[in-house]
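Here the structure comes first, spelled out in structure tokens, and everything after it is commentary.
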Amino acid sequence: MSKYISLTINNKKYGAKDDLTILEVCQQNDIHIPTLCNDEMLKPVGACRMCIVEIEGNENLFPSCSTKVADGIKISTESPKVKRARKEILELIWANHEYDCLVCKKSGECKLQDYCYQYDITPQSYYEFDSRKDYDINYSNKFFYSNPNRCILCGKCVRICDELQNTNAIDFINRGSKTYVGYPLDGRYESSVCVSCGNCVSICPVGALMPKNKIKFRNWEVRKVKTTCGYCGVGCQIELVIKNNKVVRVDPVKDGPNDGLLCVKGKFAYNFINHKDRLKSPLIKRNGKFEKASWDEALSLIVNKINETKELYGSDSLAGLSSAKCTNEENYLMQKFVRVALGTNNVDHCARLCHASTVTGLANTLGSGAMTNSIAEVKDNDVTFVIGSNTTETHPVIGSMILQAKRKGAKIIVADPREIVLAKKADIYLQIYPGSNVALINSMCNVIYHEKLYDTDYIENRTEEFEAFINVIKDYTPEIAAPICGVSAEDIKIAARIYARGSKSAIYYAMGITQHSNGTDNVKSLANLAMMCGNIGIEGGGINPLRGQNNVQGACDLGALPNTFSGYQKVFDDRANEKFQKAWGSKLSKDVGLTVTTILSAALSGKIKMLYIMGENPVVSDPDTKHVIKSLENLDFLVVQDIFLTETAEYANVILPAVSFAEKDGTFTNTERRIQRIRKAVSPIGDAKADWEILCELFYRLGYPAEYESPSDIMDEISTLTPIYRGISYNRIDEHGLQWPCTSDDHPGTKYLHKDKMARGKGLFTAINYNPPFEMPNKEYPFILTTGRTLYHFHTRTMTKRTKGINEIVGGNYLEISENTAKQLKVSDGDILKITSRRGSTNAVAKIVDDIKDGVTFMTFHFENGANVLTNSEALDKESNIPELKVSAVRIEHA
Amino acid sequence: MNISQLDNIKKTTLNLVSFPQSIFHKKEVRRVLRNCDVIDPLNIFEYIARDGYFALYKAITEYTPQEVIDIVKESGLRGRGGGGFPTGIKWQFAFDEDMDDKYIICNGDEGDPGAFMDRSVLEKDPHAVIEGMILAGYAIGSKKGFAYVRAEYPLAAKNLQASIESAQQMGLLGENIFESGFGFDIEIRLGAGAFVCGEETALIASIEGNRGMPKVRPPYPAKQGLFEKPTIINNVETLANIPQIIYNGAQWFKKYGTQKSTGTKVFALAGKIKDGGLIEVPMGISLREIIYEVGGGVGNRRKFKAVLTGGPSGGCLTLKHLDEPIDFDNLLSLGSMMGSGGMIVLDDTDCMVDISKFFLDFIVDESCGKCAPCREGTKRMYGILNKITKGEGTLEDLDKLERLAQTIKITSLCGLGKTAPNPVLSTIKNFRQEYIDHIESKRCTAGKCRSLCKYVISDKCIGCTLCAEKCPADCISGDKKELHIIDRKLCIKCGVCLKVCPVDAVEVM
């Protein structure tokens with residue numbers, strides 16, 4: 001326990017808690033102390049010695065960053081002795097630093113420069129000893145360079161890479177005045193474990209680590225706009241640095257969910273915003289060729305087609321795909337547009353391909369289909385069970401936080417077909433076969449049941465149907481599950497015990513659980529496990545689906561689903577339907593609409609005639625590419641609204657140019673249910689318009705009023721109609737955002753769900769039996785293909801492939817196979833392979849890895865004509881319609 | 001293992017082996033070194049025959065851990081590694097921490113130039129260190145010890161490892177020592193050649209597998225050390241004292257020494273001294289006794305100039321200090337320090353500026369690079385000293401040197417940096433004129449700074465031709481039995497002529 005003490009600083013009395021450092025107390029009281037190596041995110045190391053202060057009665061000066069306050073001490077922060085020493089230290093640092101401020105891009109926001117100015121240093125002090133550092137600049141990283149001659153060895157880069165990012169790619173090399181920071185061994189990026197997150201670059205206080213940037217700018221020429229990153233669901237808060245309407249740099253913001261960290265995509269892959277290939281005007285396909293058109297022309301054509309189709313085939317022959325990349329306001333408008341203006345519930349979006357089974361599974365068992373707990377809690381878990389999520393690559397910042405928890409003593413359990421980064425650092429790693437999740441989880445429950453490690457009171461008070469569940473899992477002994485999963489029974493027991501014994505055990509999962517023909521079963525099994533041990537409704541625990549896209553949570557929340565309005569209000573629920581009819585002034589269908597997967601099949605069968613796609617790329621992202629293309633080709637009319645001419649847009653009749661997240665206002669809801677602002681930082685490229693503006697225009701042309709002046713107006717409408725968003729307004733979320741449910745204007749938002757009581761009332765145990773994946777290997781197709789992502793690309797690469805460095809790291813499709821599989825196929829690393837499934841064939845470069853099981857192969861789904869040529873659009877989960885993207889049987893041969 | 005077995009071994013061995021008398025000066029008191037060159041270090045029986053492991057038995061069977069700590073406190077033993085912190089108090093800190101895991105570390109990273117006390121003990125009496133570590137473990141409640149030995153001491157590491165193994169075989173290390181339920185084991189960790197790893201937090205980092213860089217204290221290792229657990233780090237010599245303190249009692253230990261510096265201290269006498277080598281003398285002995293009696297005085301017909309104590313962290317004592325008593329506090333008050341016990345004697349051919357430069361050169365090389373003042377400052381101090389020894393220095397440089405030294409001293413992170421300027425400050429304090437001679441008269445009176453001196457042959461020359469024969473630059477001419485002459489244009493100032501001249505006819509001006 002900390003005590004309250006009193007101390008004197010610069011002859012003035014102050015009170016402070018005794019567990020604070022002198023620096024912290026001074027900062028609280030607005031007493032400025034210079035620092036070079038200190039950062040509140042990192043442990044203090046006291047290396048730069050700039051923050052030294054004098055404590056009465058001591059000859060030596062003390063580093064305030066790492067000296068705790070004590071009762072009665074008298075501190076001088078600006079005594080002549082202190083100032084002299086600081087000046088001397090600065091002169092020493094400066095003397096061993098490149099004298100190139102005139103051309104250094106850091107000039108203007110360099111701490112060394114600032115302090116040298118502030119302390120009036122005498123540059124010539126040590127000029128006569130011309131033994132300054134003379135190292136080569138290291139350009140080997142694709143995104144930044146390191147100039148050791150400008151480095152002041154504060155070590156922040158080394159520490160952020162170690163303490164927070166947990167990659168440990170760089171360190172100090174040599175010692176004494178010969179020390180420099182770099183990659184080990186040959187000093188090259190290529191031979192290091194660096195993931196190019198750029199957190200070292202962001203934290204460097206001088207010009208030693210600098211982004212490679214073609215656009216030159218001085219720091220006083222730019223402006224900065226705080227916004228939310230447009231890549232994954234973590235919802236990192238960033239600052240876009242803008243010069244002349246161009247984004248020239250991205251910096252992390254410290255107080256967001258990301259805690260000052262970013263990944264390679266968020267930090268460096270922003271080139272797409274100002275890319276020359278951006279769509280700049282509407283295009284209409286005439287005689288098989290796209291021609292530039294005016295907005296009026298394009299919109300008139302669309303409106304005519306909508307009216308014509310409705311008249312000829314009825315409203316249910318139209319459908320719309322909304323976008324997990326667009327804002328909440330735009331998703332809300334899109335589903336409203338489909339429901340009101342098109343007159344159908346045929347609206348869905350790509351959540352169907354990622355977490356449809358989560359929404360169904362968790363809504364059924366707990367009453368709410370979202371991540372139960374918060375990102376900030378990740379760091380405080382006792383036990384982290386990661387299953388089917390390659391977190392360090394797909395949600396890099398959360399991945400780092402899981403490893404931060406491990407540093408603090410948390411245990412990690414990983415179940416994944418590939419020995420991913422987290423698996424290598426896990427306490428127990430289960431290398432399971434794709435699709436064996438239910439067997440694994442049931443057997444873990446079996447161990448917990450037999451060893452009586454479950455939470456009786458919790459089960460009694462907060463759940464139901466426990467007995468029925470026990471009756472099923474009784475048969476799933478670890479010995480029975482082990483061969484199904486391909487792991488040892490002993491390891492299953494160890495994992496079960498670790499999970500059950502943690503007082504705050506949290507589950508994190510993603511596509512490895514959901515993208516299966518039994519995806520909903522997988523999710524429900526995890527809910528069983530979590531409830532059995534009393535881990536739902538507690539801080540630091542929970543069951544946490546990690547959402548993939550920046551706003552996939554929001555797109556679901558705002559009703560871009562065929563069965564719900566915003567806030568998961570069912571379209572067939574009379575009261576809800578009536579409420580929306582009244583609010584929107586239009587008759588609404590009560591029939592549940594078609595899903596992404598069934599819309600395409602219906603297009604193929606001729607039931608769907610016209611499709612409006614906003615910001616989605618099914619030709620690459622959806623299973624069975626051939627089937628997708630045939631379906632799109634069978635449409636009478638296809639509208640694609642996007643920022644680039646995507647593979648899907650090629651099949652459109654009209655393409656509308658939309659704007660990126662940097663060019664519009666709005667909100668995204670991240671994976672932890674936090675509604676955060678995005679802010680217009682640059683004006684739209686060419687004639688492009690924000691998606692919400694385009695939709696408003698169409699509303700108007702179709703005869704429906706849509707009088708929104710700004711996205712804020714749309715949010716106001718959302719909050720009146722959506723109970724979980726009722727307390728959301730732009731004013732309230734300006735700084736930190738709010739986590740739903742936020743049910744009134746003074747509701748503080750919800751850090752974790754199901755506190756005291758499940759949203760559903762009682763948590764429902766579900767008795768689930770293991771079913772093998774739809775497609776298992778056989779003689780003709782002897783290998784399992786599983787799919788996923790790489791750190792460097794996002795989704796269908798529409799944004800990431802515009803950044804050169806990204807493509808240099810991962811430039812083409814590859815297939816990961818084990819050494820034994822390679823031997824069996826007589827394949828060497830780098831060979832070009834032809835991979836064939838029942839749907840078709842694709843080529844990929846062989847990449848022999850040591851972290852995948854024999855007989856299992858892995859391919860990312862990012863590339864056009866890649867993995868999704870092979871995947872199956874027919875193996876659907878019965879309850880949620882999610883396709884089994886994680887398991888296909890394939891044949892492999894030399895191309 | 002039990003006491004009758006231990007007694008048996010002692011008796012049998014004493015019957016079989018007659019130990020040689022070790023030879024040492026009458027002013028010496030050999031405690032830490034008592035077994036060195038007396039027993040076979042690899043024969044645990046011989047150590048037992050000399051009462052080895054009886055202290056451990058006594059402690060475990062007769063004393064509670066707190067009583068062991070109290071005896072060490074009462075003995076007044078202070079850390080022999082240089083800091084001089086009271087060992088018992090340090091142990092008490094770790095004892096008071098309520099933790100399951102605690103560690104004992106033996107600091108055998110002896111790095112001062114010219115110091116080899118720890119090396120001798122590790123090589124020649126390893127069991128004394130092992131027994132000391134077990135006792136420390138018993139006292140604070142630790143089950144695990146690490147002996148950190150610098151890799152440049154292969155024999156020390158080898159002997160220690162062999163001794164650990166024989167102690168394990170005898171049941172003196174491992175589970176359930178003397179059937180008491182107390183267990184303790186030791187692992188060796190080799191250093192990788194960094195002087196800074198003698199600093200305890202850097203040493204801990206090194207054992208943890210991290211870069212050997214010091215950390216800010218507090219937290220002190222006794223509270224939060226190795227793997228963030230309470231850790232006692234004691235120097236080899238400190239640990240080697242422990243068994244005898246426990247066996248003979250605190251009063252016995254205090255028989256020698258001063259009130260605040262009890263017991264004996266081992267010094268490595270080196271440099272311009274007749275009888276150099278390891279000596280063990282009571283604390284409080286005068287410098288004169290050490291140099292002129294135990295060491296036999298300065299050799300080569302030269303005059304005593306100074307003695308450097310504390311290695312690169314210490315300073316110099318001069319003629320006027322000859323009668324000062326040598327103990328922890330007095331050395332500090334004289335602007336030097338005990339250090340680990342290196343003593344380098346200098347005569348009138350040693351240049352104090354040059355000596356400062358030598359130590360700074362060492363420090364520049366050994367600074368870990370973590371904190372700015374040490375990393376950047378020592379490099380600049382070296383630069384200034386270099387300038388002065390070349391005759392290019394100014395009086396402003398001398399001011400700058402002192403100012404810089406002061407800044408480094410009060411702002412550096414660890415002991416290495418804080419004490420790095422000591423040799424410079426101490427030599428400036430005691431030999432300021434020598435610095436001024438280098439700057440103003442461009443003269444190095446000791447004849448060490450080559451840029452500043454010229455070699456001349458005086459009329460004492462007997463024409464023996466030895467200098468001309470040995471001169472590598474062939475710049476000395478003269479006929480047999482005639483006065484020789486040095487061609488100063490060709491002379492490279494190597495000093496060979498000075499050394500070989502039988503009549504001291506070569507002079508440096």
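Just so it is clear: chains get the letters A, B, ... in the order the sequence lines come, proteins before strands, and each one is counted from 1.
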Counting only heavy atoms from other residues, nucleotides and ligands, does the tally under 6.0 Å from [atom1] of [X] exceed 12?
X: D136(A); atom1: CG; answer: no
X: K411(A); atom1: NZ; answer: no
X: D98(B); atom1: CG; answer: no
X: K260(B); atom1: NZ; answer: no
X: E392(B); atom1: CD; answer: yes
X: K83(A); atom1: NZ; answer: no
X: D100(B); atom1: CG; answer: no

Who passes side-chain contact (heavy atoms from CB on, under 4.5 Å) against K429(B), sequence neighbours left out?
->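 Partners of K429(B) by the side-chain contact (heavy atoms from CB on, under 4.5 Å) criterion come out as none, since no residue qualifies.
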
Most chain B-contacting option - heavy-atom pairs closer than 4.5 Å, from C154(A), G155(A), S66(A) |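 Most heavy-atom pairs under 4.5 Å with chain B: S66(A).
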
Could you tell me which of N96(A), I93(A), N58(A) has the largest number of non-hydrogen atom pairs under 4.5 Å with chain B?
->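 So the answer, after comparing N96(A), I93(A), N58(A), is N96(A).
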
Quick check on [X] against chain B: is it the side chain, the backbone, both or neither that has a heavy atom closer than 4.5 Å?
X: K81(A); answer: side chain
X: I173(A); answer: backbone
X: I52(A); answer: side chain
X: F62(A); answer: neither
X: L36(A); answer: neither

Side chain to side chain, K379(B) and K178(A), heavy atoms closer than 4.5 Å |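 Side-chain contact under 4.5 Å: no.
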
If you look at every heavy atom in R380(B) and L92(A), which pair is closest and at what distance?
->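 Distance-wise, the nearest heavy atoms are CG-CD2, 3.5 Å.
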
Closest non-hydrogen atom pair, R211(B) against D171(A) |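 The answer is CD-OD1, 4.0 Å.
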
Would you please go through residues 408-418 of chain B and name the residues with a non-hydrogen atom below 4.5 Å from one of chain A, in numerical order?
->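 Within residues 408-418 of chain B, the residues that come under 4.5 Å of chain A (heavy atoms only) are K409(B), I410(B), T411(B), S412(B), L413(B), K418(B).
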
Hey, which residues of residues 365-374 of chain B are touching chain A, say heavy atoms under 4.5 Å apart?
->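 Counting heavy atoms that sit under 4.5 Å from chain A, the residues of residues 365-374 of chain B involved are D365(B), E366(B), S367(B), C368(B), G369(B), K370(B), C371(B), A372(B), P373(B).
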
Contacts table for residues 215-222 of chain B: side-chain donor-acceptor under 3.5 angstrom, sequence neighbours left out:
| residue | atom | partner | partner atom | Å |
| --- | --- | --- | --- | --- |
| R217(B) | NH1 | E200(B) | OE2 | 2.7 |

Euclidean distance, M213(B) CE relative to R175(A) CZ, rounded to 0.5 Å =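 Here the interatomic distance stands at 10.5 Å.
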
Nearest-0.5 Å distance, CD of residue E376(B) to NE2 of residue H97(A) |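 Here the interatomic distance stands at 10.5 Å.
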
